[in-house]
Amino acid sequence: MAPAPDPAPGQLVAVAVSGANEFSVAWTGCWRSVDLAELQRLEVHCAPRWVTWSPADLLALTRAGLRVARCWDLATVHRLLFGGWSSDPGRVWAAVTGLSENSLPVTGQLDLLGPAGEPDGDLEELVQPDGHLRPEWFPTGWQRTPGRRRRWVELALTAADRQRDRLAALPDPRRALATAQAESGAEQVCAELTVAGLPIDRAQAERLIESSIGPRPADAAEASQLRQRRDQQVLRHAPAGEWDLRSPASVRAMLDRLGYAVPDTRSWRLEQYRDHPAVAALLAWRKAERIATTYGYEWLDRHVGPDDRLRGNWTGSDGAAGRMTASAGLHNLPAELRAAVAAPPGQRLVRADLGQIEPRVLAAVSGDAGLAAASAADDLYAPVAEQLRVARAEAKIAVLAAMYGQTSGTAGAALRGLDRSYPVAMRYLRAAYDAGRAGTAVRTYGGRLVRMWPIPTGRDAEANRAAAAARGRFARNAVIQGAAAELFKVWAVTVRARSRALGAQIVLCLHDELLVLVPAETADQLAELVAGCLTEAASRWAPRGSGVRFVADISVLQRWSQAKA
DNA sequence: TCGGTCACGTA
DNA sequence: CGTACGTGACCGAG
């Protein structure tokens, strides 16, 4: 029997982990069970686009040692197409086959048996008679029988084909297809970020924590003692009484005693009462307490491995607008701790962040020629200010107010100027706002569906109006934030693909900022390459000559903190 | 033990 | 100048 031909470059090849060194693959007219070596041979010689059911599979393949160049992740594309978060195989399958979510079967012993107490159809067949995936087969582990393993990857292949059909039906099919591939690639970046971690200078981290909350306590008793000592720094300025600094209610009562009646005790509100030593001490205490509870020694012990890498779980399109998220504090590391993020000896960090990304994205997605022209400037707000005949600061506030929806203060005159000078962009924002207010889902430039939520009925008119307005602001923000996330991810996957030969490794993605670890000798080369990748990514993302210029600040560093702010 | 609220770090 | 997210402490309901 003649061996089946290899897949062609870019061809969809479904893959699933089936055992310790066993993988199931399927492409049109072929199914095989292969080991890692064969998987790698297919990758290197055939350059397929691997189809997976979920990012967890990409993580498993990455951990197994496969370097995935191109992929198509079904859960990721599902979320792009249909919005929301749920994207287990059952939902993915139901969505592409046109079955209602409401008819999804639930896992459980009872569902194994039909009404007559007999198995409902052929249990080896992963699709039930009603068309849904048999739920007991997909939530855990890998498929146990050869027949099921085969069906599992064959169904993935079918699902990918149907997703492509769905994407082709969107208003801009080519762009939607490109987004699906880039978003899948971003999940692969996330898998590698999860595995690689962020390099930390542990000694420096310990020093920074110590300077904030003191030395590492030897035991629980000492920890409690240090805690009380920190509290005492505030309480000695407080009025007589029992106050619990960790309880907002108690802090509010304390402030009340001092004569400050406040609706809440948020820092920005307390700023104005800094003159009182108790308030000043409380604000300093809050900062230290943040380190003590969230970014202290326990955090270090929990999340920084013996190889001095800070690790968390990364997801490529969490949240409504499809931004990346990360746990373990990777996305909200206090600025003071950035000095502890450092390249090991002989290596460098290349830091690159997009400048004024959101107004530039607005120019691109709306197709506003005037704003696109302004994007030619390094500082986009300068030509906008000139156009509006206002100060730069005022122009900037007006643009941001237009994008995010101002509720307080007033940028009135400048906002009217924006309407006159950049009508296309302003109409785009207005349309998203109106859709959100009406409860209609919006799609980002790249094709991501952002769903709205229902407003509970039976409340007063004012509450309904406020809820609708909040939804409008959300939608207006989502089309900008979401599109910016899409451009950023195209950039990240481009950098990943192009920088491989330089021995580079992306170690952090932060919404508009990339940190790439690279051998010192090739650092300057990589900095050049990252700039080129932005040009490439921008033209891939918005190919129809939008005329929008994107800019990045790129520097070669030893420590993250060395970046100019 | 759980979810809601407050608070705060990042973009 | 608003939106998003992750984290942790407290608090009241169960």
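A, B, ... follow the sequence lines: proteins, then strands. Residue 1 opens every chain.
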Student: Which whole-number value in Å describes the distance from Leu487(A) CG to dA11(B) P?
Tutor: 18 Å
Student: Do other residues, nucleotides or ligands put more than 12 heavy atoms under 6.0 Å from the CZ atom of Arg389(A)?
Tutor: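 Atom CZ in Arg389(A) is not packed in, count stays at 12 or less.
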Student: Are there over 12 heavy-atom neighbours, none belonging to Glu242(A), within less than 6.0 Å of that residue's CD?
Tutor: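 No - once you tally the heavy atoms of other residues, nucleotides and ligands closer than 6.0 Å, there are 12 at most.
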Student: Rounded to the nearest Å, what distance is computed from the CD atom of residue Gln481(A) to the C1' atom of nucleotide dC1(C)?
Tutor: 14 Å
Student: For Met324(A) and dG6(C), give me the distance from atom CE to atom P, rounded to whole Å.
Tutor: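 Going from Met324(A) (CE) to dG6(C) (P), I get 14 Å.
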Student: Filter on salt bridge (Lys or Arg N to Asp or Glu O under 4.0 Å), then keep only pairs touching residues 197-214 of chain A, sequence neighbours left out; what's left?
Tutor: Asp201(A)-Arg559(A), Arg202(A)-Asp308(A), Glu206(A)-Arg216(A)
Student: At under 4.0 Å between heavy atoms, what does Ala326(A) touch on the DNA or RNA strands: base, sugar-phosphate, or nothing?
Tutor: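 Counting heavy atoms under 4.0 Å across all strands, the contact made by Ala326(A) is with sugar-phosphate only.
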Student: Starting at atom CG of Leu400(A), determine the distance to atom P of dA11(B), rounded to an integer number of angstrom.
Tutor: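 The answer, rounded to whole Å, is 15 Å.
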Student: Taking only N/O atoms, report every protein-nucleotides 8-10 of chain C pair under 3.5 Å with atom names and distance.
Tutor:
unit_1, atom_1, unit_2, atom_2, d
dG8(C), OP1, Arg302(A), NH2, 2.9

Student: Contacts to DNA chain B from residues 254-276 of chain A, heavy-atom cutoff under 4.0 Å, which residues?
Tutor: Asp264(A), Thr265(A), Arg266(A), Ser267(A)
Student: Considering heavy-atom distances to DNA chain C, does Lys396(A) or His511(A) have its closest nucleotide positioned more toward the 5' end?
Tutor: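 It is Lys396(A) whose nearest nucleotide is closer to the 5' end.
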Student: Could you tell me how far apart Leu245(A) (CG) and dC6(B) (P) are, to the nearest whole angstrom?
Tutor: 19 Å
Student: Which atom pairs, donor and acceptor, lie under 3.5 Å between side-chain atoms of residues 245-253 of chain A and protein residues at least two apart or in another chain?
Tutor:
unit_1, atom_1, unit_2, atom_2, d
Arg246(A), NE, Glu289(A), OE2, 3.0
Arg246(A), NH1, Asp231(A), OD2, 3.0
Arg246(A), NH2, Asp231(A), OD1, 3.1
Arg246(A), NH2, Glu289(A), OE2, 3.4
Ser247(A), OG, Ser250(A), N, 3.4
Ser250(A), OG, Asp244(A), N, 2.8
Arg252(A), NE, Val262(A), O, 2.8

Student: Please determine if a side-chain N or O atom of Ser327(A) lies less than 4.0 Å away from the OP1 or OP2 oxygen of dG6(C).
Tutor: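 So the side-chain polar atoms of Ser327(A) never come under 4.0 Å of the phosphate oxygens OP1 or OP2 of dG6(C).
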Student: Which nucleotide wins on minimum distance to the side chain of Arg286(A), given the candidates dC8(B), dA11(B), dC1(C)?
Tutor: dC8(B)
Student: Kindly check if the number of other-residue, nucleotide or ligand heavy atoms within 6.0 Å of CD (Gln233(A)) is above 12?
Tutor: yes
Student: Just one of Val361(A), Leu380(A), Val551(A), Val384(A) clears the side chain to side chain contact (heavy atoms under 4.5 Å, CB included) bar with Ser375(A), so which one?
Tutor: Leu380(A)
Student: Any side-chain donor paired with an acceptor under 3.5 Å for Gln387(A) and Ser421(A)?
Tutor: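 Ser421(A) and Gln387(A) do have a side-chain donor-acceptor pair below 3.5 Å.
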Student: Does Tyr295(A) have Arg290(A) sitting over its ring (NZ/CZ under 6.0 Å from centre, angle to axis within 45°)?
Tutor: no
Student: Between atom CG in Leu282(A) and atom C1' in dC6(B), what is the gap in whole Å?
Tutor: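 For the pair Leu282(A) CG and dC6(B) C1', the rounded distance is 14 Å.
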Student: Starting from P on dA11(B), measure out to CZ on Arg351(A) and report it in whole angstrom.
Tutor: 9 Å
Student: What is the distance, to the nearest angstrom, from the CH2 atom on Trp285(A) to the P atom on dC8(B)?
Tutor: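 Taking atom P of dC8(B) as the reference, CH2 of Trp285(A) is at 10 Å.
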Student: Here's one to test your reading of the geometry: is the NZ or CZ of Arg392(A) within 45 degrees of the ring axis of Tyr381(A) and under 6.0 Å from its centre?
Tutor: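 Verdict for Tyr381(A): no cation-pi partner in Arg392(A).
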Student: More than 12 foreign heavy atoms under 6.0 Å from CH2 of Trp85(A): is that the case here?
Tutor: no
Student: Can you sort out which residues in residues 328-341 of chain A have a heavy atom within less than 4.0 Å of DNA chain B? Ascending by number, please.
Tutor: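 Those residues whose heavy atoms fall under 4.0 Å from DNA chain B, taken from residues 328-341 of chain A in numerical order, are His331(A), Asn332(A), Leu333(A), Pro334(A), Ala335(A), Arg338(A).
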Student: Sorted by first residue and then second, give each salt bridge (Lys or Arg N to Asp or Glu O under 4.0 Å) pair with at least one member in residues 421-432 of chain A; sequence neighbours left out.
Tutor: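 Sorted result for residues 421-432 of chain A: Arg430(A)-Asp434(A).
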Student: Near Glu222(A) CD, under 6.0 Å, is it more than 12 heavy atoms from other residues, nucleotides or ligands?
Tutor: yes
